[in-house]
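Please read the structure below before turning to the comments.
Atom set for the values below is all heavy atoms of this structure, side chains included, hydrogens, waters and symmetry mates excluded. We count ligands from 1, going down the list as the structure has it; atoms in each ligand are counted the same way.
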Amino acid sequence: MPECIICAKHRGEGPLGGERVAVLDGFWIYHAPEGDDGRAPLGYLFVESARHAAYLADLTDDEARALGRLRVRLARALRDELAAEFTFAMVVGTGVAHFHEHLVPRHPGTPPELPWYRSDEGAPRATRAAVADLASRLERRLTG
Ligand SMILES: [Zn+2]
């Protein structure tokens, strides 16, 4: 069985990057990593199960409750920190079979014709320092 790259990321190994926002209630929350230009779509988050559960249906009831709370609290935090109009929550999982949810804020000024699944293209392109700053502010909102 090949190595799970999300489990590897949680051990600080493997190819996946991204600023860690928090580890809370059985989930790891990360900001999306920078692209080749050294910038990341501001506010694009991943919520990943700490346990290796492949898909949504593999979460326990306790994990489901925690995920629901975290998703809503993160959407509020993105609204309050970035003035996001709203946040999309997407579970896809066709790339890596370790549960992860994409949370993508819709930033003010995003062209209405930009489809939901390309909302990251409407996000400001953030430097690593800006991402680290946002990650610490989001963590404070989650744990404060
Ligand atoms: Zn895994």
Checklist outcome for this item: The atom name of the N, O or S atom in His98 nearest to the Zn ion (ligand 1) is ND1
Checklist entry - Considering only N, O or S atoms, which atom of His52 is nearest to the Zn ion (ligand 1)? => result ND1
Checklist entry - Looking at Glu81 and Arg76, does any basic side-chain N land under 4.0 Å from a carboxylate oxygen? => result no
Checklist entry - Where the Zn ion (ligand 1) is the centre, what is the SG-to-SG angle for Cys4 and Cys7, rounded to 10°? => result 120°
Checklist entry - Does a donor on one side chain sit under 3.5 Å from an acceptor on the other, for His102 and Tyr44? => result yes
Checklist entry - Do His10 and Glu48 have a side chain donor and acceptor closer than 3.5 Å? => result yes
Next on the checklist: I want to check something: taking the side chain as every heavy atom from C-beta on, are Leu74 and Val47 in contact at a cut-off of under 4.5 Å?
Outcome noted: yes
